[in-house]
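Note on naming: letters A, B, ... go to the chains in the order of the sequence lines (proteins, then strands), and numbering restarts at 1 for each one. Side chains are part of it too, since the values below use all heavy atoms of this structure and drop only hydrogens, waters and symmetry mates. What you see is a predicted model; the values in this text were computed from it and never measured.
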Amino acid sequence: MRKRFAKWYVANFKNYTRHFNKTIFLLLLLILLLVVSIKYGDVKLSWSEIFSTFSGEGSSSTKFILFSLRFPRVFGGLLVGMSFGIGGYIFQKLLHNPLANPNVLGMTSVSSVAAMAVFLFFEASHLFMSAAAVVGSLLTVIIAFGLAKDGDHILQNRFILIGIGIQAMADALISYMMIKADPSDLSTLLQWLSGSLNQIETNQLLVLLIVFLIFSPVLAFLQRDFEQIMLGDEIAQSLGVDVNRIKVILYLISIIYTALATAITGPIAFICFLVGPITDRYFGKTAANFLPAALVGAILVLGADWIGQNVFPVRLPVGVLTGIVGAPVLLVTLINYAKGEIVND
Amino acid sequence: MIKAAQLTAENLRIGYGKRTVIDQLTIQIPANKISVLIGPNGCGKSTLIRALTRLIPLKEGTVYLNGNQLSSYNSKDIAKLISILPQMLSAPEDLTVYDLVCRGRYPYRSFFQPLSAEDHQQVEWALKKTQMVPLANRKVADLSGGQRQRAWLATILAQHTEIVFLDEPTTYLDIPFQLEILDLLKELNEREGTTIVIVLHELNLAARYADYLFAMKKGRIITTGSASEVITKKNLKRIFQLESEIITDPIYNRPLIIPKSSVHSERIQ
Ligand SMILES: Nc1ncnc2c1ncn2[C@@H]1O[C@H](COP(=O)(O)OP(=O)(O)OP(=O)(O)O)[C@@H](O)[C@H]1O
Ligand SMILES: [Mg+2]
């Protein structure tokens, strides 16, 4: 018996180290991306320029590049990417289905409509846009759940189809608003709608940061419950998890993360969708991989943004890049789904 | 032997959505006994078990645990007294058997508490009882249907409760393993006084292992009692529309059913 204990501990320890190493790898990759994004752009900054700007010296042009352009962009991208990552991951895992994510379900589209409407018609503040995005997303989920409910059960296929329908309606509304919009607002809107880190607002970012500080410990506390729920709702309940309560909390967290992020950058195509499958692939399907999902989200956003800004002759918003990557992945997932290779329960 | 927790229910109405599956059902689970629930497919056995173990909400009526309303307990406290092996379980792909069985210790652990020595002991014991020790470090996804069933059973055993519900625990098992699992449950019942409720379709095994039988049909319990009281020609006809002969099993002294195929019974008549 002792021997088997020991064996389990060894196996478990190996697992943990492997997991830990992979997380560290992602972290290093992310740091590399941060450094590259701060150093390289239209203008390449040397280390000495960066440090001297930090210590208050430095030219006014490097000051402008660093503090007004690159830092907001990089830290905004970091925070938004992590939010999309966690938000998407939670949804996909709770519904046991990679298609069930804020992008496909129309949550990000409705958030966009709401934020846009507030911006265009009320000329309201950016914080008000964030609030509208959260409300819009929340309504989408409530309506989709409500319509897909059959007794006490959620019919998954119906839920996803309803989400796609809501998304189509939201997109129609977006087109309508574009026509109605003042021509002077159009270019900002267009950029925002394709998902871009150009217009990051510091006060919106601050709200997201505060939300992060509050939600991170909550997620740490819910980790074990989340892992039990991944065994199946019934068995988790019978093992003593308050499944419904935990799920409501997790859905709320996911909705708030993605909606706040959407209000800042606009809907970055497929970002929530991509995170789940990538995280599952490298970290397995049975642990609550909130942190890896956040890192994957941030790496995707920052990587796609840097490539979009620097590699092509024209600047491409981050959403265009993630769209190019995401669309084929979605296609493959849909085909597998139709073949029944993705089991949902 | 300890006196196991008492579970009773009064005037239950249970269903899904607007549909009522079970109405006006009152039941008392015999403490420290093995009860077996029999009945045709779709008659509501799983539904009844789910309601008795708070997996689905009641439409009407009350379930009592030790005289208190079940809904007044918190989830973890119930999970220390009642465990359930549901009928259908999906495989958690990447988990090893050992890790899966550890999940059965959830109700005994607080937020960040690691597995204690006692947790490991219970897990070991459950693995040994279900003969899963040699497979402990294998991934659940790589197991056969029967092995998977035993891994789940071990998880439930590691939960170490006074009442255990099992919904068709022998479905995927070969006959020796069916007997082994039922013997294991019997031993658990005799040694520790665990109250056991099993849904079984194998009527001859039901008759052999049950201290008490509940026969259901169309959402109602239509007859209850010892094996010899419930397993009769007349009852089987009534419950399953099954023509049969009943003899007494010469070894176990319980009723033994010889079912007649419909063609055969017509010819005899
Ligand atoms: N999740 C559900 N949603 C809606 N209806 C359900 C659900 N589960 C069961 N039912 C219905 O309730 C009735 C009773 O089903 P239940 O699963 O309790 O039967 P059972 O006696 O366990 O059958 P079996 O022997 O096939 O397991 C059936 O008519 C079934 O269609
Ligand atoms: Mg059943």
(message) Is B:Arg54 close to chain A through its backbone or its side chain, or both, or neither, when contacts mean heavy atoms under 4.5 Å?
(response) both
(message) Please check if the number of heavy atoms outside A:Lys22 that lie under 6.0 Å from its NZ is greater than 12.
(response) yes
(request) Report the distance from atom CG of B:Leu95 to atom CE of A:Met230, rounding to the nearest 0.5 Å. (result) 9.5 Å
(request) Tell me, yes or no, whether the heavy-atom count around B:Tyr172 atom OH, taken from other residues, nucleotides or ligands under 6.0 Å, exceeds 12. (result) no
(message) Please identify which of these residues, B:Thr155, B:Ile156, B:Ile84, meets the side-chain contact (heavy atoms from CB on, under 4.5 Å) condition with A:Ile235.
(response) B:Ile156
(request) Taking all heavy atoms of B:Ser75 and all of A:Gly240, pick out the closest pair and write down the distance. (result) CB-O, 3.3 Å
(message) If I compare all heavy atoms of B:Leu55 with all of A:Glu234, which pair ends up nearest, and what's the gap?
(response) CD2-O, 3.6 Å
(request) Answer yes or no: is there a donor N or O on one side and an acceptor on the other, between the side chain of B:Arg103 and the main chain of A:Ala236, under 3.5 Å? (result) no
(request) Considering only heavy atoms and a distance below 4.5 Å, find which of B:Lys80, B:Lys18, B:Arg105, B:Lys76 pairs most often with chain A. (result) B:Lys76
(message) Are there over 12 heavy-atom neighbours, none belonging to A:Tyr282, within less than 6.0 Å of that residue's OH?
(response) no
(request) Please say whether more than 12 non-hydrogen atoms of neighbouring residues, nucleotides or ligands are located less than 6.0 Å from CZ in A:Arg158. (result) yes
(message) Under a 3.5 Å distance rule, please check whether A:Arg224 uses its side chain to pair with a backbone N or O of B:Tyr106 as donor and acceptor.
(response) no
(request) For the residue pair B:Leu100 and A:Leu231, establish whether any side-chain heavy-atom pair is separated by less than 4.5 Å. (result) yes
(request) Please report the shortest heavy-atom distance between B:Pro107 and A:Leu239, naming the atom on each side. (result) CD-O, 3.3 Å
(message) Measuring only between side-chain heavy atoms, which start at C-beta, is B:Thr53 closer than 4.5 Å to A:Ser238?
(response) no
(message) Report which part of B:Phe112 has an atom under 4.5 Å of a heavy atom belonging to chain A: side chain, backbone, both, or neither.
(response) both
(message) Under 4.5 Å from any heavy atom of chain B, what part of A:Val241 do you find: side chain, backbone, both or neither?
(response) both
(request) Please look at A:Gln223 and chain B and tell me whether the side chain, the backbone, both or neither of the residue comes under 4.5 angstrom of a heavy atom of that chain. (result) neither
